[in-house]
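Heads up, the thing below is written out as structure tokens.
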Amino acid sequence: MPEKNIPQALGDVLAERFGERLRVDPDLPGLDELHRIAGHRVHRRYLAKPVDPDLLRLLCACALSAPSKSDLQQADILIVSDQAKRRTIEALLPEMPWLAEAAVFLVFLASGRRLPELSRLRGKPFANNHLDQFFNAVSDASIVLATFLRAATAVGLGCCPISVIRDHAATVSALFELPPRVVPLAGMSVGWPAQHGAITPRLGLACTLHEDRYDDGDLAQHIDDYDRRRAAVRPYARQRAPKRFGAASFYGWSEDKARQYADSQRADFGIFVRGKGFCLD
Ligand SMILES: Cc1cc2nc3c(=O)[nH]c(=O)nc-3n(C[C@H](O)[C@H](O)[C@H](O)COP(=O)(O)O)c2cc1C
């Protein structure tokens with residue numbers, strides 16, 4: 001993080017992110033934390049330096065301190081220490097070489113297993129076998145993942161969530177012996193960053209911040225504005241699927257995401273989740 005005047009630095013980073021300068025009260029408490037949050041970036045290059053297991057445990061405990069829907073506590077973290085298991089995951093995802101560079105690999109789990117077990121242990125009916133249980137477990141796991149990112153960033157570590165492990169959900173499930181109603185949300189590579197990393201601009205707040213009613217105005221125009229703002233600072237290095245879609249004269253975020261979602265991804269994930277015992281109705 002640049003150690004200039006923090007209110008100024010926070011304003012700068014948000015301007016870079018959203019293309020808009022927000023007012024920052026310099027007397028606000030916690031500005032350094034806001035600056036860290038606003039300055040978020042994933043890290044995919046790491047130093048060959050280990051992460052102390054006690055530090056990792058501390059960060060996981062901080063992450064698992066995150067709020068939990070109805071205090072149901074439906075999230076777990078799995079630390080992959082076994083090198084053979086690490087190599088198996090890396091071999092599944094050769095397009096992501098940063099997994100092998102990272103000192104640590106974690107898997108964040110949506111864990112719906114405990115609730116029916118509580119019902120059984122306490123001799124009560126389990127009357128919530130429907131989509132909401134899965135949704136709550138995924139929400140809890142997502143918040144724990146985000147909180148881990150914050151905790152790791154606070155101590156100077158860099159992370160990259162890895163949802164592509166869900167392309168191999170059944171293999172991952174077998175490798176880590178995930179019981180019924182426990183499914184992977186995402187992996188996470190963690191290490192000491194080898195590079196400063198870069199801010200990824202986000203859609204403007206006119207698109208994603210609403211008041212009293214949902215209103216994204218002229219969405220096509222907002223997206224075009226974002227494409228151009230983003231391309232000016234983070235142009236794509238290459239175009240996706242040029243054989244299928246040709247070479248675009250201007251290649252922005254919306255073109256990239258439209259091309260990405262022109263192919264079905266993980267259409268069998270629902271079958272996997274149902275197979276793990278969740279009801280999605
Ligand atoms: C749930 C989740 C899953 C992700 N999965 C992957 C992944 O499989 N591989 C990867 O390289 N990045 C992955 N990412 C990182 C995103 O690509 C990254 O957050 C996004 O490009 C925005 O960049 P930023 O986080 O630096 O702002 C994931 C992020 C999230 C939140």
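Position 1 is the first residue of the sequence; numbering continues from there. Indexing begins at 1, ligand by ligand and atom by atom, following the structure's order.
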Can you pull the residues with any heavy atom under 4.0 Å from ligand 1?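 For ligand 1, the residues that come within the 4.0 Å heavy-atom cutoff are Arg17, His40, Arg41, Val42, Arg44, Met96, Trp98, Cys160, Pro161, Ile162, Ser163, Val164, Thr200, Arg202.
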Expected output: side-chain [X] to main-chain [Y] donor-acceptor under 3.5 Å:
X: Lys276; Y: Leu178; answer: yes
X: Tyr251; Y: Pro235; answer: no
X: Arg181; Y: Pro179; answer: no

Residue pairs passing the salt bridge (Lys or Arg N to Asp or Glu O under 4.0 Å) test where at least one lies in residues 92-105, sequence neighbours excluded: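 The answer is Arg45-Glu101.
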Less than 3.5 Å apart, any donor N or O on the side chain of Gln133 or Gln74 sitting next to an acceptor on the other?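 Side-chain D/A pair, Gln133 to Gln74: present.
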How far apart are the C-alpha atoms of Leu280 and Arg274, what are their side-chain angles, what is the distance that settles it, and do they pass the side-chain contact (heavy atoms from CB on, under 4.5 Å) test? CA-CA 7 Å; Leu280 302 184; Arg274 286 192 172 93; 3.7 Å; yes
